[in-house]
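Have a look at the structure below before the remarks.
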Amino acid sequence: MKTDRSDILTCLRESGDYVSGQQLCDRLSVSRTAVWKVINQLKEEGYQIESVPRKGYRLIESPEDVYSESEIVSRLHTKWAGRKLHFFESTGSTNPDAKRFAEEGEPHGTTVVADSQTAGKGRRGRVWESPAGTSIYFTIVLRPKFNPEKASMVTLVMALSVAEAICEVTGLSTGIKWPNDIVVNGKKVVGILTELSMTPELNEIQFLVAGVGVNVNQESAADFPEEIRETATSLRMESGKNISRAILLERILARFEEDYEIFERTLDLLTLKARYESHLVGINAGVRVLDPAGEYNGTSRGISDTGELIVERENGERILVYAGEVSVRGLYGYV
Ligand code: ATP
């Protein structure tokens with residue numbers, strides 16, 4: 001039934017004009033009654049659909065920020081990103097869900113989307129606050145053929161795609177805090193967590209999951225827990241506009257598909273680096289590297305072709321900082 005809904009919405013959306021009941025039946029191989037039922041359900045959910053005898057149905061407007069499997073799927077034009085999509089109202093965390101689907105053999109691009117998470121994860125066992133009704137939480141399954149040491153670059157590719165999708169949809173200018181956070185006006189709006197699963201011999205990648213959390217429609221700082229009020233923000237708080245999560249998610253998946261394919265061709269960031277660095281915060285400015293083996297200050301000189309942060313020490317020595325165990329701060333604050 002869900003597929004019928006997505007398919008009917010897709011037909012109406014793609015046509016932009018009247019689509020006859022018969023055309024819908026033929027295209028989807030369902031009965032007239034089934035079409036009629038789905039149209040009524042959609043209307044009940046707030047979709048404005050006009051029905052005109054002998055002409056058919058026309059989608060006039062979708063309800064504001066409707067966020068459901070059908071709404072997302074009916075907007076997708078990707079080849080593989082999100083083509084297989086699982087939507088949950090609530091889940092623990094979309095990363096373990098995606099891993100489970102990958103272990104069950106689901107294809108490259110399979111995507112898990114949730115409206116809320118009860119145990120959203122950040123790096124190194126941290127928590128990602130994941131309230132319902134406001135944000136995007138999704139994880140995409142990738143089945144790369146490259147060596148494990150290339151995997152950390154996927155986080156940077158995702159950061160770039162998400163940063164640019166946000167600019168496109170909201171008009172906000174986004175910064176990337178190397179390697180995996182996106183900030184707007186110095187505060188964090190996106191976190192990304194990439195995890196690898198290796199083959200039993202531990203020499204090849206079995207699959208990789210890239211999870212993304214975006215704060216979209218939180219209305220004020222009071223919507224965040226006290227501990228992150230100073231450092232977190234939402235797209236709505238920064239732009240003053242309510243943002244459609246389905247539209248933004250569609251743009252993220254479309255851009256990621258494109259950028260990932262560019263990365264896959266060379267298995268480095270040569271082609272994407274200039275775009276990534278144009279978003280990189282603190283470039284040519286002082287940074288503090290919070291390395292568990294010893295913290296130090298330096299000047300950020302951008303990223304290497306393989307995604308490490310280049311930090312120049314006072315004595316001129318250039319250090320390549322590998323993502324993983326390390327966080328980076330501006331010398332005078334979070335970014
Ligand atoms: P850092 O931001 O300190 O460099 P990190 O990149 O390792 O750390 P992540 O794993 O991306 O951090 O995110 C987890 C951290 O982000 C949490 O420890 C918390 O401080 C902050 N955080 C948690 N939930 C949210 C949220 N919804 N919006 C913004 N920040 C959040």
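One-based numbering, in listed order, for ligands and for the atoms of each.
Closest to atom 11 (O) of ligand 1 among all protein heavy atoms lies Asp181 OD1, 3.1 Å. Looking only at heavy atoms of the protein, atom 24 (N) of ligand 1 is closest to Glu129 N, 2.8 Å. When only non-hydrogen protein atoms are considered, atom 18 (O) of ligand 1 lies nearest to Arg126 CD, 3.4 Å. The nearest protein atom to atom 29 (C) of ligand 1, hydrogens excluded, is given as Ala232 CB, 3.4 Å; this is a heavy-atom distance. Of the protein's heavy atoms, Val127 O, 3.1 Å lies nearest to atom 23 (C) of ligand 1. Protein heavy atom at the shortest distance from atom 31 (C) of ligand 1 is Trp128 CZ3, 3.4 Å.
By heavy-atom distance, the residue among Arg123, Arg329, Lys187 lying nearest atom 1 (P) of ligand 1 is Arg329. For atom 20 (O) of ligand 1, the nearest non-hydrogen atom from the set Val189, Ile228, Asn215 belongs to Ile228. For atom 12 (O) of ligand 1, the nearest non-hydrogen atom from the set Arg124, Lys188, Arg229 comes from Lys188.
The proximity of Asn180 to ligand 1, defined as any non-hydrogen pair under 4.0 Å, is limited to the side chain.
Contact check on Arg75 versus Glu71 returns a salt bridge, with a Lys/Arg side-chain nitrogen under 4.0 Å from an Asp/Glu carboxylate oxygen. Using a cutoff of 4.0 Å between basic side-chain nitrogens and carboxylate oxygens, Arg329 and Glu295 are not scored as salt-bridged. Note on Lys37 versus Asp4: no salt bridge recorded, every NZ/NE/NH1/NH2 to OD/OE distance being 4.0 Å or above.
Under the 3.5 Å distance criterion, with hydrogens and angles disregarded, no donor-acceptor pair is assigned to the side chains of Ser197 and Glu195. Inspection of the Arg5 and Ser68 side chains reveals no N or O donor paired with an N or O acceptor under 3.5 Å.
Ligand 1 has at least one atom lying under 4.0 Å from a heavy atom of Lys177. At a 4.0 Å cut-off, not a single heavy atom of Glu227 sits close enough to ligand 1 to count as contact.
When the options Leu270, Thr271, Val154 are evaluated for a side-chain contact (heavy atoms from CB on, under 4.5 Å) with Phe263, the one that passes is Val154.
Here Ser239 pairs with nothing under the side chain to side chain donor-acceptor pair (under 3.5 Å) rule; sequence neighbours left out.
Residue-ligand proximity, Gly122 to ligand 1, at heavy-atom distances under 4.0 Å covers atoms 10 (O).
Cluster partners of Ile60 are absent, since no Ile, Leu, Val, Met, Phe, Trp or Tyr has side-chain heavy atoms less than 4.5 Å from it.
Atom CH2 of Trp36 sits in a sparse spot, with 12 or fewer heavy atoms from other residues, nucleotides or ligands closer than 6.0 Å.
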